[in-house]
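Numbers for residues simply follow the sequence, beginning at 1.
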Amino acid sequence: MTGLERVKAALGGSPSDLVPATATLSLYGARLTSCPLAEYYNVSERYVEGQQAIAAAFDPDILFTPFLAAAETEIFGGRARYFPRAAPNMVSPGCSGAAEFVERGLPDLKGDPRIAYLRRATRGLAERSEGRAVAAVFYSPMDIPPLAMGIEVWLETLLFHEELALEVISLATEYFIERSGFFFEDGADVLALPLVFCNPLIVTKWVAEHIAAPALAKAFAAAGGPIILHHGGSPINEIVAAFRGLPAVVGLVIDAKDSFSSTRRELGDEIVLLGNIDGPTLATRTSGSCAELRELILKDRAGDPRFILASSAADVAWETPPQNIAAFLGRPMAGAETGEPR
């Protein structure tokens, strides 16, 4: 079976020849190809080459488009800082606040160079995936605004300026629907969405239930394809019920501290569960402990057809030995070099 066939089997609850497996290796492709990150995250061909190196070295069933939140900051006029061995981060937001976000309206969706980069990278992955699934990393209408105006400003708006927050979310929903359509048009098989400002542990329960939930339902219904939600960096077992019944949602990536069994009991048998090894700390393990953890997870999920072995949290770190990744995925490593930037 191909990787895409295994993923589709998991979505349908059907058996496959191998348990589908992947890890968030968006950044790691630059290491394998010794590509400077300023080039990797701006020249789509370099990114696609990096993901081809990931495919050749580790044979994951899912490849990811750039995990690049800072691109959204840049699209809205902000600035990002680039690092030698980590994805870029926001330096300054493009909007001073929610009022400016609303006044300025949406960016040029057809002409923006960062959107063009992401679209070309998605098309390149889809064309060269060799039977693997392509997951497009994007952000919900609740999580786009902080990338444009900053976390503290958006949180203050959500908590104390509901009417203005709803105006922002309306624009962000329009943006989300258009951009999601681009990803599926360009060949992505599924959207992967980290959720932060939908989590009642981050915002208030009232905001989560009365603002976030309706916004997500409207946006996801018009997304144009299937969606896998991501825990967004926090354990979600206590609030997983908030994600039940959202349109188009076919999967959920849980945190390393979350329980598969608890999540399964809460959500039922129809949704695919992914996780739950912490990707950023794979570098601190031995290859043997990675293999042992893989076996523990597989034992826990034995007999669960709607399961995909996957890393949780953010990108697998640059410093991670390739042997650790291969051991976790359970695939023979084919000539992965350590790689360093030029």
Side-chain angles (χ1 to χ4, degrees), residues 69 72 90 93 95 97-99 101-102 137-177 179-180 190-223 226-268 270-276 312-314:
E72 303 304 319
M90 175 195 294
C95 299
F101 184 96
V102 172
V137 180
F138 195 36
Y139 307 91
S140 83
M142 295 293 295
D143 295 296
I144 290 165
L147 298 174
M149 67 184 70
I151 292 172
E152 292 184 3
V153 172
W154 177 231
L155 186 58
E156 180 183 354
T157 304
L158 277 175
L159 295 179
F160 303 111
H161 306 284
E162 180 185 343
E163 185 174 337
L164 185 55
L166 290 173
E167 290 186 67
V168 170
I169 291 167
S170 178
L171 277 173
T173 298
E174 181 182 341
Y175 177 77
F176 172 85
I177 292 169
R179 289 285 310 280
S180 297
V190 65
L191 287 183
L193 302 181
L195 297 184
V196 178
F197 286 87
C198 316
N199 188 329
L201 299 178
I202 306 299
V203 296
T204 66
K205 183 178 180 181
W206 192 94
V207 168
E209 292 180 351
H210 296 277
I211 295 181
L216 296 186
K218 179 180 179 180
F220 292 177
I227 294 170
I228 292 176
L229 301 180
H230 184 283
H231 63 93
S234 301
I236 60 168
N237 269 169
E238 293 183 14
I239 50 90
V240 73
F243 305 127
R244 187 191 296 120
L246 285 172
V249 173
V250 297
L252 176 66
V253 182
I254 67 172
D255 186 76
K257 296 178 182 178
D258 287 320
S259 160
F260 279 115
S261 298
S262 175
T263 306
R264 177 61 77 208
R265 284 193 300 271
E266 189 67 43
L267 293 182
E270 298 304 311
I271 195 166
V272 172
L273 299 182
L274 301 91
N276 66 335
S312 300

Not counting sequence neighbours, which residues clear side-chain contact (heavy atoms from CB on, under 4.5 Å) with A222? List them please. I177
Closest non-hydrogen atom pair between A223 and S180, with its separation: O-CB, 3.5 Å
Write down the atom of E209, the atom of P214, and the distance for their closest heavy-atom approach. O-CD, 3.5 Å
Measuring from L252:CG to L274:CG, what's the distance to the nearest 0.5 Å? 8.0 Å
Is there a side chain to side chain contact (heavy atoms under 4.5 Å, CB included) between V250 and V272 once you walk through the steps? CA-CA 6 Å; V250 297; V272 172; 5.7 Å; no
Over all atoms of both residues, closest heavy-atom pair of M90 and L147: CE-O, 3.1 Å
Pairing residues for E266 by the side-chain hydrogen bond (donor to acceptor under 3.5 Å, both in side chains) criterion, not counting sequence neighbours: R244
All heavy atoms of P93 vs all of G150, minimum pair found to be CB-N, 3.9 Å
Please list, chain by chain and in numerical order, all residues satisfying ring-ring contact (aromatic ring centres under 6.0 Å, His included) with F220, sequence neighbours excluded. F176
Distance check, rounded to the nearest 0.5 Å: I254 atom CD1 versus N276 atom CG? 4.5 Å
Looking at residues at least two apart in the chain, or sitting in another chain, which of them share a side-chain contact (heavy atoms from CB on, under 4.5 Å) with H230? P194, V253
For A242, side-chain contact (heavy atoms from CB on, under 4.5 Å) partners two or more places apart: none
How far does CE of M149 sit from CG of L155, to the nearest 0.5 angstrom? 11.5 Å
Smallest separation among heavy atoms of P141 and L216, with atom names: CD-CD2, 4.2 Å
With a 4.5 Å cut-off on side-chain heavy atoms, are I211 and L166 touching? yes
Sorted by chain and number, sequence neighbours left out, side-chain hydrogen bond (donor to acceptor under 3.5 Å, both in side chains) with Y175 holds for E72, R179
Return the minimal non-hydrogen interatomic distance between G97 and V153, and the atom names on each side. CA-CG1, 3.7 Å
Can you check whether V240 reaches D258 side chain to side chain, under 4.5 Å on heavy atoms? no
Hits for side-chain hydrogen bond (donor to acceptor under 3.5 Å, both in side chains) against T263, two or more places apart or cross-chain, chain-then-number order -> N237
Closer than 3.5 angstrom, by distance alone: can the side chain of R264 be matched with the main-chain N or O of S259 as a donor-acceptor pair? no
Take L229 and I236 through the test side chain to side chain contact (heavy atoms under 4.5 Å, CB included) and record every step on the way to the result. CA-CA 11 Å; L229 301 180; I236 60 168; over 6 Å; no
All pairs passing ring-ring contact (aromatic ring centres under 6.0 Å, His included) where residues 237-266 contributes a residue, at least two apart: F260-F307
Under the salt bridge (Lys or Arg N to Asp or Glu O under 4.0 Å) test, which residues partner E270, sequence neighbours left out? R306
Would you say that more than 12 heavy atoms from the other residues, nucleotides or ligands in this model lie under 6.0 Å from the CG of L164, or not? yes
Indicate every side-chain donor-acceptor pair of residues 195-207 with a distance under 3.5 Å to a residue at least two apart or in another chain.
{"residue": "N199", "atom": "OD1", "partner": "L201", "partner atom": "N", "Å": "2.8"}
{"residue": "T204", "atom": "OG1", "partner": "V207", "partner atom": "N", "Å": "3.1"}

With sequence neighbours excluded, what pairs up with S140 under the side-chain hydrogen bond (donor to acceptor under 3.5 Å, both in side chains) test? D143
Within the structure provided, determine whether H231 and P235 are in side-chain contact (heavy-atom separation under 4.5 Å). no
Can you tell me how far apart CG (L273) and CG (L267) are? Round to the nearest 0.5 Å. 6.5 Å
Applying side-chain contact (heavy atoms from CB on, under 4.5 Å) to A165 and not counting sequence neighbours gives W154, T157, L158
